[in-house]
Amino acid sequence: MGINFAVVILIIALTNAPSSASLVTFIFGDSLAEVGNNNYLKLSLAKSNFPFYGIDFAGGKATGRFTNGRTVGDIISAKLGIPSPPSYLSISEDGDALLKGANYASGGAGILNETGLYFIQTLSFHEQINKFQRTKESIKAKIGEGEANKLCNEAVYIIGIGSNDYVNNFLQPYLADASQYTHDEFVELLISTLGKQLTRLYQLGARRMVFHGLGPLGCIPAQRAKSSKGECLSQVNLWVQQFNSKVEKLIVNLNSHYYPSAQIKFADTYPAVLDLIEKPTAYGMITIILYYKF
Ligand SMILES: *[C@@H]1O[C@H](CO)[C@@H](O)[C@H](O)[C@H]1NC(C)=O
């Protein structure tokens, strides 16, 4: 399924990596990757710090992960034999923990600043990159500029963002972006913004990046609820696939400018996740239980 596929892509990305024991990862994204930043955002309404989040995680308590168990990032880190980096906001700027990587992901966040605005507070991708810039300054102060540059060049950057630009922005008809743009215009805005953001990460020293494409968002419960029979919304899935193929082209284009000094990989999780949704029993999933908290 998607997770294994992502691991395969990551391992390809790591072919020339230093031994995994010293591998540093910086993680950017939304609720699919968050490990607890939003717990530190007092006003944020996008929180996962209550039951039944975390029931299958070590300790059985909610940690700020938007899942019953581990995130994809936790699983990839375990496969690589390294600890999953802690949430950026939980780490002191002065300590040595930052030298081992950090997770900037924030539930509700998007490529666009205005995405998820009704959650009041999230770390947008722009803000996450700002935080990484601060991290780099802290690392420089600790180990010197040369070593800091080396650490940032050798680290792997795992990025998964864009779902909320659909689910909590474009697909909400009462928000400005939905009424202002056609999908063609919206996807161009997302891609041009993402291009600048990945370029900014490159300028800050990122040389090995993996970007996770979007899954079939038309199949999430909130979207299915809009169809009369609870089916996947094919229009939404088409838009997502359009986004994914444009990101792939963007990455080919960026690689042509940066190769061989940098390599960006596109991890296409869409087909694997769709397969899981269509054939759950093939993956050992028999009953899907939905918990609602009112
Ligand atoms: C997001 O907001 C920041 C700070 O106001 C701004 O510099 C940046 O250009 C904005 N990015 C986008 C994509 O709108």
Side-chain angles (χ1 to χ4, degrees), residues 26-34 37-38 40-46 87-89 93 102-138 140 152 157-206 209-214 217 236 239-240 242-255 257-258 262 264 266:
F26 294 105
I27 298 181
F28 300 82
D30 51 32
S31 57
L32 297 175
E34 173 172 355
N37 280 320
N38 286 8
Y40 294 85
L41 304 178
K42 288 212 168 54
L43 300 177
S44 182
L45 301 178
S87 64
Y88 168 78
L89 294 177
E93 290 270 349
N103 183 323
Y104 304 90
S106 167
I111 292 169
L112 302 179
N113 288 341
E114 65 267 29
T115 286
L117 58 86
Y118 44 64
F119 298 125
I120 315 295
Q121 241 188 333
T122 62
L123 303 176
S124 64
F125 192 27
H126 180 85
E127 196 54 41
Q128 293 179 34
I129 299 170
N130 286 351
K131 304 269 186 236
F132 170 69
Q133 188 166 5
R134 283 185 58 177
T135 299
K136 190 173 180 190
E137 292 305 318
S138 304
K140 264 191 205 164
C152 290
Y157 298 74
I158 301 171
I159 306 151
I161 197 141
S163 297
N164 288 311
D165 294 290
Y166 282 91
V167 176
N168 290 306
N169 188 346
F170 188 71
L171 297 174
Q172 301 289 355
Y174 53 88
L175 292 187
D177 284 359
S179 49
Q180 192 179 341
Y181 301 114
T182 64
H183 182 259
D184 282 350
E185 290 164 348
F186 186 68
V187 77
E188 286 311 325
L189 176 64
L190 290 180
I191 299 298
S192 66
T193 307
L194 181 63
K196 288 180 204 143
Q197 290 161 332
L198 295 179
T199 299
R200 204 173 144 219
L201 277 176
Y202 173 83
Q203 287 161 347
L204 289 168
M209 300 184 235
V210 182
F211 187 93
H212 286 245
L214 304 186
L217 296 177
V236 173
W239 283 338
V240 164
Q242 205 178 327
F243 171 85
N244 282 345
S245 73
K246 283 179 185 287
V247 173
E248 247 184 303
K249 286 202 192 96
L250 168 71
I251 287 176
V252 167
N253 187 20
L254 292 174
N255 278 331
H257 288 289
Y258 300 146
I264 311 174
F266 178 72

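Just follow the structure's listing: the first ligand is 1, and inside any ligand the first atom is 1. Keep in mind the model is a prediction, meaning the values are calculated, not measured.
Between F211 and F266, the ring planes are parallel. Angles under 30° get that label, and only those over 60° would be called perpendicular. Taking the six-membered ring where the residue is Trp, H183 and W239 present parallel rings, their angle staying beneath 30° rather than reaching 60°. Note on ring orientation: taking the six-membered ring where Trp is involved, the planes of F28 and F132 are perpendicular (angle over 60°, cut-offs 30° and 60°).
Looking only at heavy atoms of the protein, atom 1 (C) of ligand 1 is closest to N113 ND2, 1.5 Å. Closest to atom 8 (C) of ligand 1 among all protein heavy atoms lies H126 CE1, 3.6 Å.
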Checklist entry - Can K140 and E137 be said to form a salt bridge (charged side-chain N to carboxylate O under 4.0 Å, His left out), step by step? => result CA-CA 5 Å; K140 264 191 205 164; E137 292 305 318; 3.7 Å; yes
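Residues Y104 and T135 bring a donor and an acceptor atom of their side chains to less than 3.5 Å of each other.
In this structure, atom 5 (O) of ligand 1 has no protein heavy-atom contact shorter than 4.0 Å.
For ligand 1, the atoms closer than 4.0 angstrom to any heavy atom of T193 are 13 (C).
Residue contacts with ligand 1 do not include L112, since none of its heavy atoms lies under 4.0 Å from the ligand.
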